[in-house]
2 protein chains.
Amino acid sequence: MTDPADLLRKHGLPITAQRLGVLRAVAARPHATADAIAEDVRSGIGSISRQAVYNALGMLAGKGLIRRIQPSGSAALYEDRVGDNHHHLICRTCGTTADVDCAVGKAPCLSASNNAGFRIDEAEVIYWGTCPDCLTKA
Amino acid sequence: MTDPADLLRKHGLPITAQRLGVLRAVAARPHATADAIAEDVRSGIGSISRQAVYNALGMLAGKGLIRRIQPSGSAALYEDRVGDNHHHLICRTCGTTADVDCAVGKAPCLSASNNAGFRIDEAEVIYWGTCPDCLTKA
DNA sequence: ACAAACTCTTGACTTGATCCAGTATTATGT
DNA sequence: ACATAATACTGGATCAAGTCAAGAGTTTGT
């Protein structure tokens with residue numbers, strides 16, 4: 001099983017209550033902001049500082065254990081679904097975020113028609129639109 | 001010809017020195033931040049307030065005259081290349097931004113495999129990697 | 001030229017995120 | 001277990017990007 005503590009150990013990270021809390025919160029609430037995660041962790045282990053949250057999120061994202069997405073005009077979101085190539089749908093009206101699998105296959109978005117000499121290591125795709133709820137309301 | 005003043009008039013926007021300056025700056029420096037644009041306009045017409053810059057950029061982006069891209073971890077960038085479907089390459093090391101045409105055709109990125117009931121109106125693609133300069137330096 | 005509508009300026013403010021120094025916790029070797 | 005070195009956490013200050021609001025200044029249409 002993928003015990004959170006083991007997960008941290010495998011990546012050479014010291015195990016702290018804060019990191020475990022952050023990991024749990026990210027798993028429990030996909031597409032949450034750093035602030036929402038801090039709230040969640042607080043309700044679990046009592047308290048955590050904003051810096052510890054950013055610190056943990058940054059480190060986990062760096063190790064590839066969680067993924068960070070940053071939509072225009074709002075705070076960064078974090079999710080624990082990594083390793084597959086999926087993208088995001090964001091509602092312009094209410095901000096709801098949904099996962100969407102890549103349209104063309106496994107990891108195709110990494111191929112641009114002309115890479116201008118860049119070495120590309122990631123493609124980030126955000127689809128903007130209106131979610132079903134906001135469509136019916138309008 | 002696409003005289004900037006005519007462009008504004010055609011969209012029902014009053015013509016002001018600030019807006020013309022912003023248009024010129026966006027055309028002159030693709031992928032510039034709001035701050036860089038303000039600097040550029042200042043060197044052209046003497047002075048402009050931050051508010052007027054954001055105001056003009058927001059209005060022009062709303063009318064579709066310019067495009068706004070917001071990479072993770074940096075300020076929003078603006079460019080005047082609109083109407084075609086192109087995406088962006090950003091260097092993780094130095095932040096250089098380059099244009100890249102869409103890999104698959106005219107406007108294909110609008111089709112996700114499963115839209116979850118959303119009505120999609122735009123697809124935003126950012127390729128992350130390392131630019132040629134930073135590659136040779138490393 | 002005049003009035004109405006709109007825009008610009010100024011300054012304070014909000015939010016997301018980071019930096020820093022000091023304290024507390026974790027991991028490691030005995 | 002225990003001591004020690006390394007690492008992480010706390011709290012406060014700080015920064016940067018954007019936004020809000022009120023009054024002064026332009027632009028447009030008649």
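Note on naming: letters A, B, ... go to the chains in the order of the sequence lines (proteins, then strands), and numbering restarts at 1 for each one. Just so it is clear, the model here is predicted, and its values are computed rather than measured.
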For the residue pair B:His87 and B:Ala123, what are the closest heavy atoms and their distance? CE1-O, 4.1 Å
So, are [X] and [Y] salt-bridged, with charged N and O less than 4.0 Å apart?
{"X": "B:Glu79", "Y": "B:Arg68", "answer": "no"}
{"X": "A:Asp121", "Y": "B:Arg92", "answer": "yes"}
{"X": "A:Arg67", "Y": "A:Asp80", "answer": "no"}

Nucleotide N/O of nucleotides 27-30 of chain D paired with protein N/O under 3.5 Å:
{"residue": "D:dT28", "atom": "OP1", "partner": "B:Ile15", "partner atom": "N", "Å": "3.4"}

Close side-chain approach of [X] and [Y], heavy atoms under 4.5 Å:
{"X": "B:Val22", "Y": "B:Ile48", "value": "yes"}
{"X": "B:Ile37", "Y": "B:Arg29", "value": "no"}
{"X": "A:Met59", "Y": "A:His11", "value": "no"}

Whole Å only: how far is the CG atom of A:Asn55 from the P atom of D:dG11? 15 Å
Send over the distance from A:Tyr54 OH to D:dA16 C1', rounded to a whole Å. 13 Å
Counting only side-chain heavy atoms from C-beta out, which of D:dA17, D:dC20, D:dC9 sits nearest to B:Gln51? D:dC20
It should be established whether B:Gln18 places a side-chain nitrogen or oxygen under 4.0 Å from OP1 or OP2 of nucleotide D:dT26. no
So, is B:Arg50 near the phosphate of D:dG18, with a side-chain N or O under 4.0 Å from OP1 or OP2? no
Relative to the 5' end of DNA chain D, which residue comes earlier, A:Ser47 or B:Asp35, by the nucleotide with the nearest heavy atom? A:Ser47
For atom CZ of A:Arg42, decide whether the heavy atoms of other residues, nucleotides or ligands shown that lie under 6.0 angstrom number more than 12. yes
For chain A and DNA chain C, what are the first and last nucleotides along the strand, 5' to 3', with at least one atom under 4.0 angstrom from a heavy atom of the protein chain? C:dG16 to C:dA27
